[in-house]
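We name chains A, B, ... by the order of the sequence lines, and we start the count at 1 in each one.
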2 protein chains.
Amino acid sequence: MTADKTLDIAPDWVDGETKALEAPHDHRAELRLWLRLLTCSTLVESEVRRRLREEFDSTLPRFDLMAQLERAADGMVLGEVSKRMMVSPGNITVLVERLTESGHLSRTTLPTDRRVQIIALTPFGRAEFEKMAARHADWISDLFAGLTPKDGGVLMDELAKLKRSIIASLGRGGA
Amino acid sequence: MTADKTLDIAPDWVDGETKALEAPHDHRAELRLWLRLLTCSTLVESEVRRRLREEFDSTLPRFDLMAQLERAADGMVLGEVSKRMMVSPGNITVLVERLTESGHLSRTTLPTDRRVQIIALTPFGRAEFEKMAARHADWISDLFAGLTPKDGGVLMDELAKLKRSIIASLGRGGA
DNA sequence: CAAAACAATTTTAAGCTTGAAATTTCTCCG
DNA sequence: CGGAGAAATTTCAAGCTTAAAATTGTTTTG
C-alpha cells in the first residue's frame, strides 16, 4: 500500500548488479549477462509476489499451481503438475493440501490406479484464479511497458537461443 | 552424480512453457516473454544450486552472501548486504550466523555505534569462496556457451532496456 | 502365484524467506 | 539531562523448497 522497501532502495543498487564474481579466465561477459538476467527476473518475481499477497492474500506457488490446472478441465495427475512446474513432488503435496482445504482444488484418487491423485480446480478455485490472472497480466504488462514491440520480439528470440543453449549444456552433463 | 531428474524430464516440458495464463485483453506477448525469461532464469538457477550442493555442500544464498563480501576487504554493514542482495534483513541474520559458525565469516560490532554489525570474509572463507567462484564461472560459461558473442551483446542490451522498464514501472507504483 | 521391481505420492529433516513485532542502541530536541 | 523517536538488528510465525527415505499400490517375471 505505501511505498515499499523495493522502491526505497532501488536507486542504490538496482543499477549496480553488484552480485559480481571473480573469473579466473574471462567468463566475465557471461557472468554479467547472467547477473542481469537474474536481476530482471528477481525484480519482476518479487513484485508479483508482493502484489499477490497484498491484493489476494495469496502466493506465487499457489498461483502457478492454479495456472497449471486452469487449462486442464479434467484435472491433472499430481506428478505431471510437479514436472511442469519444475518443482519436487513433495512440494506439490503440501500446496495441494492447502488449496484443497481452502476450497480451490478438488482431489480424486484414480479408481483404476489408486496410487494416482488427480487434482482439478473447483468452480470457486477457477473463479478466484481468473481474477488473479487478469490482474497478473496487467502487472506484467506494466512492468514490460517500456519495451517496444520490436525489442520484445528481439528479446523473445534471444531468450529462445539462450534456452536452447542451457538445455544443450544440461544435456551435455557436467561438462 | 548420475543423470538427474532435470535431465530426465527435460524433453517433456522444457519447451512447453506451460506456465501459461489467460489474458483478458491481449497482454499475451508480454506474458510469454516473462514466462520465457523466468524459464531461463529458473533453469540456470536450479543447476547452480544443484552443483553448489554437490560439489561444495553449500547453497546459493551462502555463495551470494560471500560474493557480496568478496570485494569488501574491510567488511560490510549487515544492512548494506541485505539491500544489495535484495533480501530481508532477518534473512541475512540467519545466514551470517551459520557462516560465522563454520568459520567463513567474522562479525564485529562497530565500537562507535553498537547497533551496527560489520561482517567480513575470513581468510578461510575467502579461500573457499574463490574455489566456488571459479567453478561457478565455468558453469555459467557452459550454460551460455551456445550463445554467440553477438547474441550475448544483443541480449545484454535488451535486458538493460527491460530493467529500465521494470524500474520505471516500480517507480510509477501501483499504476 | 509370489517376490522383485517399479511407480506415484507422502513424510521427514533441514534450510531459505518473508513481514511484522520486539530489542537494543543511538540521536536530537526541549 | 531525559525522554521521544529513529535506526539497526533480531526474533517470531508461517510458508516454501528440496533431497532422501518411507509408504502404498501396481506390474513383471520366475
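Look at CE on M76(A): it is 16 Å from C1' on dT9(C), rounded to the nearest Å. Between E101(B) atom CD and dA14(C) atom C1' the separation is 14 Å, expressed in whole Å. Taking atom CG of residue D113(B) and atom C1' of nucleotide dA6(D), one finds them 12 Å apart after rounding to whole Å. For the pair E80(B) CD and dT9(D) P, the interatomic distance rounds to 10 Å; values are reported in whole Å. The CE atom of M86(B) sits 17 Å away from the C1' atom of dC16(C) (whole-angstrom rounding). Rounded to whole angstrom, the span from the CZ atom of F63(A) across to the C1' atom of dC16(D) amounts to 17 Å. Residue D57(B) contributes atom CG, which lies 19 Å from atom P of dA13(C) at whole-angstrom precision. When rounded to the nearest whole Å, the span between CG of D64(A) and C1' of dT17(D) equals 14 Å.
Under the side chain to side chain contact (heavy atoms under 4.5 Å, CB included) criterion, A168(B) pairs with R172(B), not counting sequence neighbours. Residues satisfying the side chain to side chain contact (heavy atoms under 4.5 Å, CB included) test with F124(B), not counting sequence neighbours, are H104(B), T122(B), E128(B). Scanning for salt bridge (charged side-chain N to carboxylate O under 4.0 Å, His left out) contacts around E55(A) gives R135(A), with sequence neighbours left out. Residues passing the salt bridge (charged side-chain N to carboxylate O under 4.0 Å, His left out) test with E45(A), sequence neighbours excluded: R49(A). Not counting sequence neighbours, the partners of S41(B) by the side-chain hydrogen bond (donor to acceptor under 3.5 Å, both in side chains) test are S41(A).
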Just the table, please: protein N/O against nucleotides 1-6 of chain C N/O, every pair under 3.5 Å.
none

Between the protein and nucleotides 10-14 of chain D, which nitrogen or oxygen pairs are less than 3.5 angstrom apart?
residue	atom	partner	partner atom	Å
dT10(D)	OP1	R107(B)	NH2	3.0
dT10(D)	OP2	T93(B)	OG1	2.8

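Proximity of a side-chain donor or acceptor of R126(A) to a complementary backbone N or O of E70(A) within less than 3.5 Å is detected.
For K161(B) and E158(B), the salt-bridge test passes: some basic side-chain N is under 4.0 Å from an acidic carboxylate O.
For dT24(D), the OP1/OP2 oxygens have no side-chain nitrogen or oxygen of R114(A) closer than 4.0 Å. Between T59(A) and dC16(D) there is a side-chain N or O to OP1 or OP2 distance below 4.0 Å.
Residues in residues 103-121 of chain B take part in these salt bridge (Lys or Arg N to Asp or Glu O under 4.0 Å) pairs, two or more places apart or across chains: D113(B)-R115(B). Pairs engaging residues 67-86 of chain B under the ring pair (Phe, Tyr, Trp, His ring centres under 6.0 Å) rule: none recorded [sequence neighbours left out].
Where V77(A) and L110(B) meet DNA chain C, the nucleotide closest to each residue was compared, and V77(A) sits on the side nearer the 5' end.
Residue R53(B) is in sugar-phosphate contact alone, with no base atom involved, counting any heavy-atom pair closer than 4.0 Å across all strands shown.
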